[in-house]
Amino acid sequence: MKRVKIILDKRLLAVLLGSIVVLASCTKSYDKINVDKNSIATIGPAELPFLFSKALDVAPGAYYNYQVAQNLFADQYCQYFACEATYFPSDRLTIRMDWVGAAFNPMYTDVMPQLQTIFANTDSSSAEHAMAEVWWVYTFHRVTDYWGPIPYFSAGTPGNSVPYDPQDKIYDDFFKRLTEAVAVLKTHAGANAFGTFDLIYGGDVNRWVKFANSLRLRLALRISKVDPARAQSEAEAAVASGVMTTSAAITDPAAMTAGDDAFVSRSAKNTDGNGLQSMSDWNEFRMSASMASVLNGYQDPRLPEYFLPTYSTGTAYKGLRNGLSVPELGLTPNLANNNSHVGKRWASTNIVDKDGNVIGSANSIATGQNVMCTAEVYFLRAEGALLGWNMGGTAKDLYEAGITNSLIQWNVTDPATIAAYISSTKTPIAPGDQQNSPAMTNIPVKFGADPATQLEQIMTQKWLALYPDGMEAWADYRRSHVLKLYPVVHSDNPDITDPTTQWIRRIPFLLSEQQNNEAAVTAAVGLLGGPDKVTTPLWWDKN
Amino acid sequence: MRSFRKLSLLLVFTCISLLAVSQSVSVSGKVTDSKGEGVPGINVIVRGSSKGTATGNDGTFTINAPANSTLVFSGVGFAQQEVSLNGRTRIDVQLAASQNELNEVVVTALGINRQAKSLVYATQTIKPAELTGVRDANNVLGSLQGKVANAVITQGSGGVGSGARIILRGNRSIQGNNNALIVVDGVPIDNSTYSTAGSDFGPVQGSDGASNINPDDIESVTVLRGASAAALYGSQAGNGVIVITTKKGSKDRISVSLNSGAVFESAFSLPKVQNSYGQGNSGAFVDSLTGDSWGPKMTGQPWVNYLGQPTTYSPQPDNIKNFFRTAPSFNNSISVSGGNDKSQTYLSYTNNSNSGIVPGNSLLRHTATLRLTNQISKKFSTDAKVTYIIQDIYNRPRTGEENAPTIDIYNIPRNVSTAEAEQYQFISNVGVPSPTPYPSTLTSIYQNPYWLIHNTAINESRNRVMGFLSAKYQIVPWLSFTGRANLDRTFNKLTTQYAQGTLLWAHSGGYYQQQTITTTQKWFDGIFEGNNQITRDFKVNYHAGIIFQDVQSDQLTNTADGLNVTNKFSLNYATNPNMYQYGDQVQTQAAFGQASFSFKDAVFVDASLRNDWDSRLPKPYSFQYYSLGASAVLSDLMALPNGLSFLKASINYAEVGNGGQFGLLNSTYSYSQGAGNGFLSRSTTLPFPTLKPEIVKNLEAGIEARFMDNRLGFTLTYYKSNSSNQLLSINLPTATGYSTQYINAGNIQNQGVELVLNATPVRTKDINWDITLNFALNRNKVVKLSEDIKTVYLSGGYGRSATPVVKEGGSYGDMLSFKWIKDSKGNYELNADGTPYTTYLSGDPQEYIGNFNPKETMGLTNTIRYKAFSLRALIDGRIGGVIVSGTELNLAFSGIPEITEKYREGGWSLGGVDVNGVPVTKAITSQQFWQVASGKRYGVAEFFTYDATNFRVRELSLGYDIPLHSKVFVKGARISAIARNVFWIYRGKSILDIPGLGKRKMDFDPDMSLGNGNFQGIEYGTLPATRTYGLNLQLTF
């Protein structure tokens, strides 16, 4: 028996030891096995341009996020569109916090790491570095203008918490970054950086200078009530350095612009399409009564570009009021078929008229995503001129140049049509909606005599020109509060009991942030200067 | 294909040549017990056939059997005995009783055969006849329903061939897989499902690996529920193991078996709908394109329908039922088994042609198996098998909300006729089918289901080869070595096509996607097995070995969203071809040792130790775990009271590790196509370089007892398992640049009791009545998650109804939803207009409404045999748990369910209070109420939550053994009538007691789920439950 045991022990031991040795030597390739062979592990100079493209792609709203990031919130709160879907409560001012995170999270996970990797791997005097800086400002001004304080200076550092920073400090950094970036870019005047990877200007550094200065001008006007002196100096410096001046008509929605207008190119690959187009099939939104009142009243030549005639009439342009109740949405005048859909540019081949003729195009998914238009820059300058700033022109001239550039951008190039529109005395009309709303306001297009009318005209035309960029239009509405939008018909939000005197001024801090970054959010409420509610104005909102 | 044809030919020739052989004689005899008394009710079966009889009251029997065949005598309480005829016609047998029965051999982990009584853990064996009798045409796992103690089986709702979910002893993994490991002939098979529901949006449920197992090839099924039983399988065995052993060729005769079954499946448990009110809103007509049925009462008013045709406004009570069809399924198999002492062959071919209740949905599967076993020399033997499966599934229906024919047909307005709905398309002037207008609540989401079944297709084509080569060498009489090589390779080709005009998916010209998924699993092992008798009473049996496993998966997805030539479903026509490739690979190596000591053949001690090297882990990739257990057959050790014939007690403890997840250690960038030159994106998951393996710790104790000559017996098992170091994905503040991080944390505990009871109340010559009962309770507790995380979601984003979660302090599968707010006094709160005030409106987070798991499960099988007839009925059920009817949530908005019929004219006062506690007396209409509760797409699930308790007659079969003359070459013939899902005994009610309505009865099948992943507890546009009737014919030659 002992013999058996010994044999047993020896043999087993040998086998076990032997196999362990064999196995241990077999684990050599384990690190290679554990990686998807289709991925890239390390980033070098060849990869950086792809990161820049990704950042450009996501910041204006990646197509799969567009609805929950922008359309259900900013686009409704600036009243470009009203909601047709009974199950989206945001038009009645209740915000689903798990959705609106789409305007926050991707900026930190799909834009910031890309830009920070570029910062870390390029020389700070390079055009590439400077372009990434400009894009950084574009990305985060949209985030802070939704929430106020946001994680900013410590963003991108690992850990379980990232602190929030006050909005004034963030704006200060924006101006600094833009000023420095323009200085760097000017040393590369005429150069091309990132080439075809630059989805806005194809690498044209000169136009990036104009874009950076225009952005600086936008941000300057944003703080014009809270810090007028800084606003004026930043605005005058921006204009002096050179802002966007020329629009070019885009006939092919997918083409890159030849003018200064900034659009991010989209492709038809169904991976990065135009956000507004991607949701246009879903019939969940239509033209708002506000847009209907103004565009119909002005007989605005942009109307057929912005919207489609209603399905049921084929000729009339109709809108519905924001904030309708579920039963009201079921009433005939409010049905999707009886209101105007977003324009042809964003229409897929599933959009048909009553006779079954296809209105949209297969390529519309590749429609460029609006980033910033030249018209806006003229209106910003017009407003500055009204304030007495040196904007390189009179308020009237700049106002009219803004309209002209907007019309050209929207493919209305006939000088006679443009001239007629600019001198038009037509005013907004009652939209003829289910609520029998009156006209939204009474101002004509023709530039008025008194400053109050002039300001409302500038802000109203800017609102029209910014379409469909609801993010900027809503920020501008909150900052100036000149535009005379309709109050929402119903508010389900207990904090907004009177929609005629109250409106949504910000998005509350995200539930996910309260769960994952709790201490930082608690501290951020202190920076806000009020409770964490939709009614608390942001730092620059002094209305 | 060519080799397949050859195989078929071979099969046919073999059959023909075999039919010529064998000659039968009439054999009679008597079966006695140890006291010499005749035993009634003993089964006498000709080995290798289904032909058999049973002994009469005096223990005598007569049977026709081939002269050279072997008779198998078996019965409850007796050891099975085999007797070769060798030409004799008179056979008397004395059967050994009681404990010897436990000399029965059970197939355990790694295919190791163990004596049942020596096991230190509970196992349960399912006889193949129980699987093939009333088979679930979808999946062999479905046939285990109600038969395995403490198993919760749910069928993914994707039509024929869908994957199923089988959970043993509760859920333990949050982000990983909870399905039991499926082992065939000792080696785990690939049981992955390529697509399953993670939300109620509109998932496609793919087929799993288990559905490829051919029930006709199964020799035995053993269920190893606990980790101890499974510890040798390592990583994958924490969820328990279903050990399937397939047939080998028989040694001494050649037999041919034919099985032919035809079953007819039809929808039952369709939603109960109202048939009084038609299209419209607020009790009035709007227009004929209105999707909601909130219109006036239907009294046959003249009406112009949405197609512009004059008709009447009349109820169409069958417009849902008419959509589904009675679907036939055919199962035909042939097997040939034969050989001599040296070499044996088993060859089988099975053809399954199944159709689903959604028109167009069908499955065609061919399974061919060849197994060769050889005793090459006295010391050397080999075993080799190859199985080839070709499976094609056509028109798999989507479920959930989007592009799902089920929810679309349920949404049909109550006055729209089947004839109208069938006019789903017109052909445009360029010859392209275009959808006709169709009334729907949301014109962008819901469409004509007849368009969907005719103009869209989700097809799956699978080729799978599974095979092994195994060789055993007997080194010395007490030591042998077995080496095994196993390959399981699945090639899936999945195509999706949507004709132009299909909502949501099809862009210009239509949509086509082709996906190929290739999964290859290689397994090699080498195992020493030894047996030593150390003293007269002391024996040891041990195994030591190594295992190498490599699983590799490659996916290639080509999408053509937009086709240059309309509805040409080929990648060649892609307007913008888009390609995506992904691959992963996991390699594990293991060394293990296991020893079982026995004393006096009555006391057993068992121990095992295993070390794994896993490619998913950081260096040195290694971790170990062990099991330890003991059992004692008390009835062999001490005198027991009369009537107690066998008593065994056992206890064991085991740990099982799990290596984690592929590719978590490093940060990577991945490319996607897009504008310019495309993009590189950094993974949004923080790398986890310190990944640790998960550990499941399992304690189990059991008692097994038999009484009254084994006519009554039970096993009672208690267990407790704790799953710790779980790989949890937690959300990070995204400002870190990452959205998720993996951590090892948590402690999920399952404990419970299982009872399996067997009884034979009646045993006479003509009548035999057997009862098998299993009952189990499982209590799950999420003891701990982590410092940073208290709740993990079992689904991803934008939940439409409820959200299943794992929450610290709760149980796995707690359901959260918005609720109807009650004040502190228990009054329902109402809005000023009299409608319910819910947390959806108040902006509060979702709250607990129940848990999706049953508290108790049971199955009861009664088998009554009378002469040549046998009747078997299986009743199964679950107690506790909730299920949310997303279907009802969706339909209630549109005034379709029967429940919306009441209070149409208003006058419904809910008797609640406002937020200040002031009574609200305003009366509302049914429409107001249900539209607030439902919201159509995003609603308050609490209103639609039901107690999932249910009992039903799951299986019913009546068999008849056709008497045969001994001259006939057919040796056995059995015909049976079968039925599945026969009727409900009980179904739970809705959890809310709504003032003026009360609680309502469930009208759906709570065992149908959207998918077979961890997203459970929500029924949303799932296919209706089906009832199956059919006939089965079994012939043996």
Side-chain angles (χ1 to χ4, degrees), chain A residues 1 4 12 15-16 19-20 23 26-27 30 33-41 43 47 50-51 53-54 57 86-87 94 105 108-110 112-113 151 155-156 158-162 196-197 199 265-272 281-283 326 330 332 348-349 356 362 492 512-513 516-517, chain B residues 281-282 286 434 442-444 507-508 528 530 532 534 544 546 559 561-562 575-576 578 581-585 587 589 591 593 613 615-616 621 662-663 665-666 668-670 672-682 684 731-739 788 841 843 931 935-938:
Chain A
M1 204 44 62
V4 169
L12 270 181
V15 167
L16 280 174
S19 38
I20 286 165
L23 286 166
C26 282
T27 57
Y30 270 16
I33 286 175
N34 199 28
V35 178
D36 176 11
K37 277 135 204 99
N38 305 291
S39 67
I40 291 176
I43 293 294
E47 283 82 27
F50 291 96
L51 297 181
S53 291
K54 176 70 180 179
D57 171 56
T86 54
Y87 42 84
T94 299
N105 297 320
Y108 289 102
T109 57
D110 293 334
M112 183 188 71
N160 286 325
S161 181
V162 184
T196 54
F197 292 87
L199 304 177
S265 296
R266 297 301 196 195
S267 79
K269 293 283 184 188
N270 209 27
T271 50
D272 66 331
D281 288 2
W282 304 343
N283 286 345
V326 173
T332 306
S348 78
T349 49
D492 287 344
S512 60
E513 280 290 294
N516 310 324
N517 200 10
Chain B
N281 188 13
S282 306
V286 180
S434 303
L442 292 163
T443 50
S444 57
H507 287 125
S508 183
F528 286 94
N532 295 96
I534 294 170
I546 53 169
T559 309
D561 188 6
T575 311
N576 288 290
N578 192 5
Q581 208 175 354
Y582 172 79
D584 59 35
Q585 186 179 3
Q587 214 176 76
Q589 297 167 26
W613 290 264
S615 65
R616 292 168 292 193
Y621 320 105
F662 170 78
L665 305 183
N666 303 302
T668 54
Y669 292 79
S670 57
S672 58
Q673 296 188 1
N677 309 288
F679 314 124
L680 277 178
S681 321
R682 189 177 75 181
T684 57
N731 296 321
L732 281 173
T734 49
T736 57
Y738 295 98
S739 58
D788 300 323
L841 288 174
Q931 291 196 332
K936 190 69 181 178
R937 305 186 72 207
Y938 301 92

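Chain naming here is simple, since letters A, B, ... match the order of the sequence lines and numbering starts at 1 in each.
Across B:Gly678 and A:Ser53, no two heavy atoms sit closer than the pair O-CB, 3.8 Å. Smallest separation of non-hydrogen atoms from A:Gly159 and B:Thr736: O-CG2, 3.4 Å. The two residues B:Ala735 and A:Met112 come nearest to each other via the heavy atoms O-CE, 3.4 Å.
The closest side-chain heavy-atom distance from A:Thr94 to B:Leu841 is not below 4.5 Å. Annotation: side chain of B:Thr734 is in contact with side chain of A:Glu513 (closest heavy-atom distance under 4.5 Å).
Side chain of B:Asn281 to main chain of A:Gly330: a donor-acceptor pair is present (N/O by atom type, distance under 3.5 Å, no hydrogens or angles).
In this structure, the portions of B:Ser739 lying under 4.5 Å from any heavy atom of chain A include both its backbone and its side chain. Looking at A:Asp110, the atoms closer than 4.5 Å to chain B (heavy atoms on both sides) all sit in the side chain, from C-beta outward. The part of A:Thr349 that comes within reach of chain B is its side chain, from C-beta onward, which places non-hydrogen atoms under 4.5 angstrom from that chain. Neither the backbone nor the side chain of B:Ser434 comes within less than 4.5 Å of any heavy atom of chain A. Of the two parts of A:Ile33, the backbone and the side chain both hold a non-hydrogen atom closer than 4.5 Å to a non-hydrogen atom of chain B.
Ranking A:Asp36, A:Val35, A:Asp57, A:Thr271 against chain B, the residue ahead of the rest is A:Asp36, based on heavy-atom pairs under 4.5 Å. Heavy-atom pairs under 4.5 Å with chain A were tallied for B:Thr559, B:Leu442, B:Asn666, B:Leu665; the largest tally goes to B:Leu442. Of the listed residues B:Gly676, B:Ser681, B:Ser282, the one with more heavy-atom pairs under 4.5 angstrom with chain A than any other is B:Ser681. Counting heavy-atom pairs closer than 4.5 Å to chain B, the top-ranked of the candidates A:Leu51, A:Asp492, A:Asn283, A:Thr196 is A:Asn283. The residue among A:Pro158, A:Ala362, A:Pro113 with the most heavy atom pairs within less than 4.5 Å of chain B is A:Pro113. Counting heavy-atom pairs closer than 4.5 Å to chain B, the top-ranked of the candidates A:Pro151, A:Ser512, A:Gly156 is A:Gly156. Most heavy-atom pairs under 4.5 Å with chain A: of the set B:Asn731, B:Thr668, B:Asn677, B:Thr684, this distinction falls to B:Asn677. By number of non-hydrogen pairs under 4.5 angstrom with chain A, the leading residue of B:Gly562, B:Ser508, B:Ser615 is B:Ser615.
To the nearest 0.5 angstrom, B:Asp561 atom CG is 10.0 Å from A:Ser348 atom OG. The distance from the CG atom of B:Leu732 to the OG1 atom of A:Thr109 is 11.0 Å, given to the nearest 0.5 Å. Going from atom OG1 of A:Thr86 over to atom CD of B:Gln931 covers 7.0 Å, rounded to the nearest 0.5 Å. A:Ile40 contributes atom CD1, which lies 4.5 Å from atom CG of B:Leu680 (distance to the nearest 0.5 angstrom). Summarising the geometry, atom OG belonging to B:Ser672 is positioned 5.0 Å from atom NZ belonging to A:Lys54; distances are rounded to the nearest 0.5 Å. Distance check: A:Asn34 CG to B:Asp584 CG gives 9.5 Å after rounding to the nearest 0.5 Å.
By the 30° and 60° cut-offs, the orientation of the rings of A:Tyr30 relative to B:Tyr621 is perpendicular.
Partners of A:Phe197 by ring pair (Phe, Tyr, Trp, His ring centres under 6.0 Å), not counting sequence neighbours, listed by chain and number: A:Phe50.
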